[in-house]
J.: 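Before I ask anything, let me first share the structure, which is written out below as structure tokens.
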Protein chains: 2
Amino acid sequence: MIASALAERVLSGELRADDRLPSERHLAVEFGASRQVVREALRSLVERGLIDVEPGRGAYVHGDNGPRRFPPLDLEYRRRGSTARHLSEARLMLETEAAVLAAQHAEAHDLAVLERTLDRLDASVTPLDRVRGDLAFHSALVAASHNPVIETMFGSIQGLTVELMVRSAGDPETVRRSGPHHRLLFEAIRDRDPEAARRTIRAHLGIAASTYGDDYDQSLDTTAAHALRLIGSGAGLETFLRAILPDHPGA
Amino acid sequence: MIASALAERVLSGELRADDRLPSERHLAVEFGASRQVVREALRSLVERGLIDVEPGRGAYVHGDNGPRRFPPLDLEYRRRGSTARHLSEARLMLETEAAVLAAQHAEAHDLAVLERTLDRLDASVTPLDRVRGDLAFHSALVAASHNPVIETMFGSIQGLTVELMVRSAGDPETVRRSGPHHRLLFEAIRDRDPEAARRTIRAHLGIAASTYGDDYDQSLDTTAAHALRLIGSGAGLETFLRAILPDHPGA
DNA sequence: TGGTCATACCGGTCAGACCACTGTACAGTA
DNA sequence: TACTGTACAGTGGTCTGACCGGTATGACCA
């Protein structure tokens with residue numbers, strides 16, 4: 001009840017991004033409840049991404065400033081028995097559409113970001129760098145589509161996408177063959193050539209999919225375990241993932 | 001901390017669907033914390049959909065039985081300023097891919113469900129019936145893709161899709177022109193013809209997109225308001241939505 | 001004017017108590 | 001012996017009051 005009422009304040013615009021909510025003690029008085037109940041309600045709102053709570057300062061409506069986290073759906077996908085094939089199919093769908101739209105809608109700022117991520121990717125040395133750079137490039141590509149629905153859907157697979165990228169980054173042959181696609185993709189978008197963009201992204205992700213072999217129709221957990229073996233990393237995937245997506249809730 | 005530890009138990013399979021969690025008092029002892037802190041952690045898990053809490057009985061791991069709700073992302077899409085165009089583009093992307101995959105992977109059960117929803121759609125009389133039937137058909141189509149990632153993404157726009165469908169259902173010309181596509185789509189899938197499936201779904205959704213006119217690049221809120229005017233419904237969209245998706249959290 | 005300290009307020013947590021609900025076991029009655 | 005009702009243990013839901021560490025502001029002093 002309290003959670004719903006407060007959520008309504010946020011959703012209705014009564015409270016705006018970065019606004020401070022009344023204190024727990026004030027809310028307890030206002031709703032005629034104990035502070036504990038208020039805290040539980042606030043916890044719900046935190047979990048829904050509507051607010052952020054800062055100890056000693058108060059609770060604030062989640063800001064529109066800075067990079068917004070995408071609602072990750074790793075859990076949902078895992079629980080539905082998704083395989084590497086399912087994920088790859090979905091990723092191909094998203095990035096193909098995004099590339100085509102980017103070739104139509106990308107603005108100067110988008111191109112600058114894309115080029116910057118390209119430079120960074122070219123300068124990558126370690127697998128961690130390469131995965132970071134790869135993710136940045138593909139995220140910039142999807143952002144250049146200027147379709148927030150598609151972007152959000154891509155964000156929902158971001159953590160799992162990192163696992164795919166770990167796999168690709170661990171195979172030198174894959175890196176060698178698919179590497180040039182990044183630049184070609186950028187050029188297709190810069191030159192407003194949707195068909196070239198489509199062909200390039202499909203070729204690019206097709207190569208990544210070919211690294212799977214017997215794992216392609218295995219569950220995502222199996223896939224992730226093998227990914228780290230490929231890059232010979234001593235750390236667990238969780239640690240690796242945190243290095244790349246610090247805000248990502250544990251999968 | 002406690003929330004993470006418990007989530008891990010659920011995700012690791014240590015606790016399975018419908019298993020009962022230890023009581024709050026037991027968890028408080030186990031984690032050396034107060035019951036209040038345990039309750040807040042449990043509230044987080046509830047909000048994440050991992051568990052259900054039943055007063056007087058205890059907390060249970062969310063069951064795998066019965067129809068699973070898709071995590072709706074209406075709020076996220078609205079807050080990112082999505083328009084009817086963005087939603088339509090994403091929907092076209094999802095359903096095109098789903099139709100192609102369905103033509104490759106649909107099984108006898110899928111075809112039976114599709115045909116049943118077709119019959120129901122043909123028998124529709126009121127706008128409510130038509131929207132219900134339309135949603136059922138398109139959901140069955142996406143399910144026939146046998147890709148849980150794509151299905152989940154489609155589910156994330158389900159509430160907003162209903163709003164699109166309300167719009168189409170309110171225009172007799174749109175209903176007349178796009179109606180036959182449903183049967184054609186079914187036949188393409190039955191006959192294992194991905195290209196026909198692709199063409200048909202694109203034509204089908206293209207007609208729906210043409211009902212927008214000036215609203216196409218307006219925010220989704222504007223679009224929804226106009227939708228109900230088209231069908232001359234006395235009820236608000238919220239009521240209409242609830243009649244179709246009873247479990248849908250308020251948008 | 002800048003630095004330090006005190007105070008008010010913030011969220012985080014604890015302990016203990018009480019309430020309504022749920023389920024099981026046992027006693028009483030037909 | 002079988003059925004029904006009651007009591008009790010256990011459940012989650014909530015309240016009250018207290019204490020802790022962190023934050024921010026204002027007052028005072030050098």
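Below, chains carry the letters A, B, ... as their sequence lines are ordered, and counting in each starts from 1.
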J.: Could you give the CD1-to-C1' distance, from I51(B) to dT11(D), as a whole number of Å?
T.: 14 Å

J.: Roughly, in whole Å, what's the span from CG in L27(A) to P in dC15(D)?
T.: 13 Å

J.: Has R132(A) got a side-chain atom pairing as donor or acceptor with S124(A)'s backbone, closer than 3.5 angstrom?
T.: no

J.: Which nucleotide sits closest to the side chain of Q36(B): dT11(D), dT14(D), dT13(C)?
T.: dT13(C)

J.: Take atom CD of E54(A) and atom P of dC9(C), then tell me their distance rounded to the nearest Å.
T.: 20 Å

J.: Please report the distance, rounded to the nearest Å, between CD1 in I2(B) and C1' in dG12(C).
T.: 12 Å

J.: Between A33(A) and G56(B), just flag the one whose closest nucleotide in DNA chain D comes earlier from the 5' side.
T.: G56(B)

J.: Find the distance between OG (S23(B)) and CD (E30(B)) and round it off to the nearest 0.5 Å.
T.: 10.0 Å

J.: Between L42(A) and V38(A), is there a side-chain heavy-atom distance shorter than 4.5 Å?
T.: yes

J.: Could you tell me the separation between the CD atom of E40(B) and the P atom of dG13(D), rounded to a whole number of Å?
T.: 13 Å

J.: Please determine whether a side-chain nitrogen or oxygen atom of R57(B) lies at a distance below 4.0 Å from atom OP1 or OP2 of dG12(D).
T.: no

J.: Ignoring hydrogens and geometry beyond distance, is the side chain of R25(B) in donor-acceptor contact with the base of dG12(D) at under 3.5 Å?
T.: yes

J.: Can you tell which of dG11(C), dC10(C), dT16(D) lies closest to the side chain of V53(A)?
T.: dG11(C)

J.: To the nearest Å, give me how far apart NE2 (H26(A)) and P (dA8(C)) are.
T.: 15 Å

J.: When rounded to the nearest 0.5 angstrom, what distance separates CG in N147(A) from CE in M93(B)?
T.: 7.5 Å

J.: Could you state the atom-to-atom distance from CD of E24(B) to C1' of dG16(C) in whole Å?
T.: 15 Å

J.: Would you indicate what R20(B) reaches in the nucleic acid, counting non-hydrogen atoms under 4.0 angstrom: base, sugar-phosphate, or nothing?
T.: sugar-phosphate

J.: Using modelled atom types only, decide if a donor and an acceptor are shared between the side chain of S168(A) and the backbone of M165(A) within a distance under 3.5 Å.
T.: no

J.: Nearest whole angstrom, please: distance from the C1' of dG12(C) to the CZ of R43(B).
T.: 17 Å

J.: Check whether the side chain of R35(B) and the base of dG13(D) form a donor-acceptor pair under 3.5 Å.
T.: yes

J.: Determine: side-chain N/O of S23(B) to OP1/OP2 of dT11(D), distance under 4.0 Å, yes or no.
T.: yes

